[in-house]
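Below is one structure, written out as structure tokens; the observations come after it.
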Amino acid sequence: MKMSKLMAPTLRQTPAEAEVVSHQLLLRAGYIRRSSAGVYHYLPLAHRVLQKITQIIREEMNKADGQEIVMPVMQPAELWAESGRWHVYGDELFRLKDRHNRDFCLGPTHEEIVTDLVRNDIRSYRQLPLLLYQIANKYRDERRPRFGLLRGREFIMKDLYSFDRDEEALDRTYQSMYHAYSNIFKRCGLTFRPVEADAGAIGGTGGTHEFMVIADSGEGAILFCHQCDYAANVEKAESALTETVSPQEPLDMLTVDTPEQRTIEEVSNYLNISPSEMIKTMIYRADEEVIVVLIRGDHQLNEVKLANLTQALDLELASEEECQQISPGGQGFLGPQGLGALKIYADKEVMKMTRAVAGANERNKHVVNLCPGRDFQVTIEADLRMVEAGEACPKCRAPLEEARGIEVGQVFKLGTKYSTALGCTFLDEKGKEKPMVMGCYGIGVSRTMAATVEQNHDEVGIIWPMSIAPYQVIVVPLSYKDEQQREIAEKFYQNLLQQGIEALIDDRDERPGVKFKDADLIGIPIRVVIGSKAIKEGLVEVKVRKTGEQHNITVEEATNKVMALIEQGFKNT
RNA sequence: CGGGGUGUAGCUCAGUUUGGUGGAGCGCCUGCCUUGGGAGCAGGAGGCCGCACGUUCAAGUCGUGUCACCCCGACCA
């Protein structure tokens with residue numbers, strides 16, 4: 001491809017709208033342009049990268065017996081009503097009506113429609129397992145699209161759905177997908193980590209893993225152990241219970257004055273105690289029910305764990321007004337004692353306390369020597385806290401480490417949630433009708449491209465891994481006007497093309513500096529410069545973008561060198 | 001959805017306080033010159049100052065409304 005004809009509008013300055021580095025560089029290097037919030041054009045270079053990624057995905061999915069199909073983006077509301085998600089999914093679903101006033105939505109995910117497809121045509125255990133996948137645009141009306149391609153409203157996703165006869169067969173499918181995913185991200189040149197995760201709204205009964213690309217800009221936090229293989233999203237992470245320090249004998253509960261001392265920090269300072277000696281009392285509204293949640297003062301509540309425990313669709317911290325109706329002291333003076341018939345959810349660590357400090361349910365007063373089980377009864381005791389770095393690994397007790405990551409893929413065991421709701425059944429060898437056991441497996445394709453940039457860049461631009469670079473080589477004649485240089489460069493470029501190498505030639509009438517800056521910015525792995533040395537001494541310069549290694553060799557040797565470097569690039573990814 | 005911010009040339013941004021013929025740098029076009037890391041000179045094109053209504057002799061500038069975009073939070077297969 002000639003640079004003079006390539007639509008890659010590079011920018012010298014970073015557009016003000018971009019915050020994260022992948023967004024900045026993809027805009028600056030002329031890969032993407034914004035159409036509306038969270039919706040982007042993919043220009044030629046981006047399209048080539050996406051093609052590379054999807055090709056890798058196809059190969060690995062097909063190897064695992066996946067069959068590629070294309071399903072409708074526009075889906076009828078009836079199917080979503082059948083699964084119950086038409087009402088559950090909320091504002092995030094892009095909804096539309098046709099001219100007959102019938103309801104449709106733009107698919108944010110395809111469980112309903114694929115289950116509908118399969119239930120109509122698959123009847124026998126002989127046809128299972130069945131693995132169907134597609135690579136398509138997905139639509140989610142995010143409350144707040146951000147970070148460029150990392151959180152858009154329209155994005156490219158690969159989703160595969162598996163249909164098995166029983167849990168055991170699903171386990172095998174799940175394992176094979178897990179391995180396929182590892183291969184895919186490895187081949188894309190990413191540093192990633194599969195972690196145990198929460199199933200979220202998609203539901204399902206089995207396990208789930210997220211594939212996280214390690215990057216400081218990631219929205220997700222993960223905890224992992226480097227002594228064993230334990231790794232989990234913070235939403236899911238557990239830790240070995242802390243050692244019980246010789247429990248103190250309970251003392252009589254007393255009320256003390258704490259004028260205007262509301263937060264854990266204020267009260268612990270005022271009473272000269274540690275936050276770990278306090279009980280944090282929070283009032284939540286779980287759908288229509290008001291509940292009390294207790295956590296040790298120095299711990300953080302994990303709302304995902306609480307939501308899973310309560311099974312509430314809508315879980316929200318109660319307002320100040322609601323708190324005052326329950327406890328006259330209002331926020332800052334809440335305590336679990338004497339709250340009547342409200343359900344009390346307590347973290348396990350709270351139950352070990354014997355002389356705790358909590359609000360007195362009275363303004364400007366707290367109680368000391370509060371003892372769970374004696375002074376109040378707990379309805380449900382469970383792990384409700386956010387695990388922090390340094391705590392003991394639940395498997396091997398080594399200290400956990402924390403990292404941030406970008407979720408590029410997730411594998412789920414769905415079980416029979418959708419097959420039961422939609423009546424997707426088969427007959428087993430005994431002629432008995434059973435619901436299929438399903439799994440679903442997604443990869444954010446456009447997000448993977450952005451995540452790769454997050455992980456592979458320097459101060460001057462993108463550094464693509466060889467396997468997904470839009471072009472492998474860029475040929476730069478320093479002066480394309482110079483007839484000799486042009487001839488040598490063109491011949492060399494044609495030669496590369498004949499070898500099946502994906503090459504660009506910078507035939508623009510620009511100064512060398514401009515060409516170098518653009519080549520670095522768009523991140524082509526190998527650059528071959530042809531200047532006056534090529535004419536005088538027959539030497540060209542072959543430079544590797546990632547390492548900076550440079551070879552001054554003859555034009556004749558250069559093709560082989562380039563091929564060797566490409567091969568090496570593939571090996572390293 | 002709550003809080004904050006920004007809309008002026010393709011990009012980055014002055015100008016708005018105090019109303020009076022719309023600017024700079026970069027990019028773009030033409031010519032000269034230059035050619036190993038975003039050169040130089042000369043000339044040029046390009047703006048519904050987000051949109052609407054209002055105040056005024058006069059609005060980029062003041063008022064009201066509205067739309068878009070960005071950030072923080074909440075939320076998020």
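Each chain gets a letter, A, B and so on, in the order the sequences are listed, and its residues count up from 1. This one's a predicted model, so the numbers in the text were calculated from it and none came from an experiment.
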Q: For B:rC28 versus B:rG38, give the span between their C1' atoms, rounded off to a whole number of Å.
A: 15 Å
**Q.** Flag for A:T263-A:E265: side-chain donor and acceptor within less than 3.5 Å
**A.** no
Q) A:Y161 and A:Q134: side-chain donor and acceptor closer than 3.5 Å? A) no
**Q.** Nearest to side-chain heavy atoms of A:A16, which nucleotide of B:rC28, B:rC13, B:rC76
**A.** B:rC13
Q: Calculate the interatomic distance between A:M157 atom CE and B:rC76 atom P; express it in whole Å.
A: 17 Å
(Q) Which nucleotide wins on minimum distance to the side chain of A:E303, given the candidates B:rC76, B:rC69, B:rC75? (A) B:rC75
Q | Side chain A:R545, main chain A:R527, donor-acceptor under 3.5 Å | A | no
Q. Quick one, which residues of residues 476-483 of chain A touch RNA chain B with a heavy atom under 4.0 Å?
A. A:L478, A:K481
**Q.** Selection: residues 535-547 of chain A, any non-hydrogen atom under 4.0 Å of RNA chain B
**A.** A:E541, A:K543
**Q.** Name of the residue among A:R12, A:R508, A:R511, A:R28 meeting salt bridge (charged side-chain N to carboxylate O under 4.0 Å, His left out) with A:D518
**A.** A:R508
(Q) Over all strands shown, is A:S532 touching base, sugar-phosphate only, or nothing at heavy-atom distances under 4.0 angstrom? (A) nothing
Q.
For a quick check of understanding: with a heavy-atom distance under 4.0 Å over all strands, which category does A:E407 fall into, base, sugar-phosphate or nothing?
A. base
Q: Tell which nucleotide pairs with B:rG73, taking only Watson-Crick or G-U wobble pairs whose two distances are both under 3.5 angstrom.
A: B:rC1
Q: Answer yes or no: does atom NZ of A:K2 have more than 12 heavy-atom neighbours from other residues, nucleotides or ligands under 6.0 Å?
A: yes
Q) Quantified in whole Å, what is the C1' atom distance between nucleotide B:rU16 and nucleotide B:rG7? A) 13 Å
(Q) What's the closest nucleotide to the side chain of A:R143 if the choices are B:rG25, B:rC70, B:rA74? (A) B:rA74
(Q) Side chain of A:Q13, heavy atoms from C-beta onward: which of B:rG36, B:rC69, B:rC11 has the nearest atom to it? (A) B:rC11
Q. Considering only side-chain heavy atoms of A:R144, which listed nucleotide, B:rU35, B:rA74, B:rC72, is closest?
A. B:rC72
Q) With distance as the sole test, does A:T208 use its side chain to make a donor-acceptor pair with the main-chain N or O of A:V411 at under 3.5 Å? A) yes
Q: Report the base-pairing partner of B:rC11 (Watson-Crick or G-U wobble, both distances below 3.5 angstrom), or none.
A: B:rG25
Q | Which nucleotide in B:rC75, B:rG38, B:rC76 has an atom nearest any side-chain atom of A:R151 | A | B:rC76
Q) Quick one: A:R33 CZ to B:rG10 P, roughly how many Å, whole number? A) 13 Å
Q: Please evaluate the base of B:rG37 for a donor-acceptor partner in the side chain of A:R527 within a cut-off of under 3.5 Å?
A: yes
Q) What is the base-pairing partner of B:rU35, counting Watson-Crick and G-U wobble geometry with both distances under 3.5 Å? A) none
Q: Measure from the side chain of A:R28, starting at C-beta and using heavy atoms only, and say which of B:rG38, B:rG36, B:rC70 lies closest.
A: B:rG38
Q: For the side chain of A:R146, starting at C-beta, report the closest nucleotide among B:rG37, B:rC75, B:rU34.
A: B:rC75
